[in-house]
There are 2 protein chains.
Amino acid sequence: MTTAFNNAATTFSHGGHDHGTCVETALAAAAGICTKRGARLTPLRRRVLELIWRGHAPVGAYDLLRALAKKQPGAAPPTVYRALDFLLAHGLVHRIESLNAFVGCAHPQQVHGGQFLICSDCGAAAEVHDPRVDAAISRRAAELGFTVRHKTVEVQGLCAPCQDRLQEAGHGN
Amino acid sequence: MTTAFNNAATTFSHGGHDHGTCVETALAAAAGICTKRGARLTPLRRRVLELIWRGHAPVGAYDLLRALAKKQPGAAPPTVYRALDFLLAHGLVHRIESLNAFVGCAHPQQVHGGQFLICSDCGAAAEVHDPRVDAAISRRAAELGFTVRHKTVEVQGLCAPCQDRLQEAGHGN
DNA sequence: TACTCTTTTGTTATGTTATAACATACCTAT
DNA sequence: ATAGGTATGTTATAACATAACAAAAGAGTA
Ligand SMILES: [Zn+2]
Ligand SMILES: [Zn+2]
Ligand SMILES: [Zn+2]
Ligand SMILES: [Zn+2]
């Protein structure tokens, strides 16, 4: 089997993976998608996507702005929010509602509402697509005559490595 | 069977229900819970809870502040955020992350993370507790070694009455 | 009662996130 | 070239949230 990048295990591996490959994969996928759709992944938009992919933890718009402003003094809030709007519209990033922050999409090929596991300790957010979760929500909504437009599932907790680390640290107490 | 207040059908009934009863039920339940716990549902906190229960649509903190300020000129952001902190801590209201807004809890007796169906048209948010949704999320998290602390499920879409109304309006086009 | 400790509320200031509105630059096609 | 659309620059402001300290109110005790 081929190595799967941008899955939950990779996200929570805390640097124990080749993150350069994550970024390359994501940027290449984004470029391909935009070309196919006739959308323009301009240098600015590409730069913002790159900044978001600096890690697996969701990034705030003003963090992006600060990073952007280092090489681009004219950058202002609309600069980054417009880029984010573009990236969101094309499914290249997701907004994490409970953090007011943005994270790169692990599977931008198909349209989807994301389900996220967010580690309270290391901050990483892993995108998962559990059809059972999806089906359970759809089923319940249908029972109530509710038409679903978008599902938000965000689970706060501790990833396995952080649990282990915290437990280890606890031994000393 | 007794009439069930504050369920999804009631929430989406668009005024076709006795909302006074919703409010009374909620305030009485809140008072009971606070008494039992030795927590103080002060006039201010009670007033904020009452304002949140003016409808079934989530309310922003600054909307609450404006409403509060009419009878209480000294009210400032901390006034309302403190009251909200209290109400959240005691499970009397929920925060809707995707709206930065707050809604009354329909079942404050037991601790729970809420699942919400939010109508994009009328704005109402119905709290549901589907054990299958809950179980599916827990199961998936467990498979990935992720320890769940809090689940956020917020579904945007159209409630049945709004669908019907929009479809009806569409006939004229 | 007077005291003291704790909780709640008042008050001012500031931090953080997001958008409105209009100007300019840049592509693309005729 | 030039007109129309898309993207970015720029300034201002709206919307959401918290920090920090002061004053008041409640609850228990001497
Ligand atoms: Zn990576
Ligand atoms: Zn972690
Ligand atoms: Zn009601
Ligand atoms: Zn509705």
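Lettering of chains follows the sequences in order, A, B, ..., and the numbering in each one begins at 1. Bear in mind the structure is a predicted one, so any value in this text is a computation, not a measurement.
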Inset, instruction - Report the distance from atom CG of B/Leu99 to atom C1' of C/dT17, rounded to the nearest whole Å. - result: 15 Å

Legend entry - Nearest-neighbour nucleotide for the A/Asn100 side chain, C/dC27, C/dT9, C/dA18 considered: C/dA18

Legend entry - Rounded distance in Å - CG (A/Leu44) to P (C/dA25): 17 Å

Inset, instruction - Determine, for A/Arg139 against B/Asp130, whether the closest basic-nitrogen to carboxylate-oxygen distance falls under 4.0 angstrom. - result: no

Inset, instruction - Specify whether A/His107 and A/His129 have parallel, tilted or perpendicular ring planes, treating 30° as the upper limit for parallel and 60° as the lower limit for perpendicular. - result: perpendicular

Inset, instruction - Before accepting this row, confirm whether a basic side-chain N of the pair B/Arg66/B/Asp63 lies closer than 4.0 Å to the acidic partner's carboxylate O. - result: yes

Inset, instruction - Working to the nearest 0.5 Å, report the span between NE2 of B/His14 and NE2 of B/His56. - result: 10.5 Å

Inset, instruction - Rounded off to whole Å, could you give me the CG-to-P distance for the B/Leu65 and C/dG10 pair? - result: 12 Å

Legend entry - Closest non-hydrogen atom pair between A/Ile96 and A/Pro58, with its separation: CG1-CG, 3.8 Å

Inset, instruction - Please step through side chain to side chain donor-acceptor pair (under 3.5 Å) for the pair B/Glu97 and A/Thr152, ending with a clear verdict. - result: CA-CA 10 Å; B/Glu97 300 291 352; A/Thr152 299; over 6 Å; no

Legend entry - A/Arg95 side chain near C/dA18 phosphate (N/O to OP1/OP2, under 4.0 Å): yes

Legend entry - Whole-Å distance separating the CG atom of A/Asp85 from the P atom of D/dT8: 12 Å

Legend entry - Closest to side chain of B/Ala61, choosing from D/dT8, D/dA17, C/dT7: D/dA17

Legend entry - A/Leu88 CG to C/dT19 P, straight-line distance once rounded to whole Å: 10 Å

Legend entry - Base of C/dT16 and ring of A/Tyr62 stacked, centres under 5.5 Å, planes under 30°: no

Inset, instruction - Please list, by residue number, the residues of residues 66-83 of chain A whose heavy atoms come closer than 4.0 Å to an atom of DNA chain C; answer none if no residue qualifies. - result: A/Pro77, A/Pro78, A/Tyr81, A/Arg82

Inset, instruction - Using whole Å, report how far CG of B/Asp63 lies from C1' of D/dA15. - result: 10 Å

Inset, instruction - To the nearest Å, give me how far apart CG (A/Leu64) and P (C/dA18) are. - result: 11 Å

Legend entry - Distance below 4.0 Å between A/Arg45 side-chain N/O and D/dA7 OP1 or OP2: yes

Legend entry - Main-chain N/O of B/Thr10 paired to B/Ser13 side chain as donor or acceptor, under 3.5 Å: yes

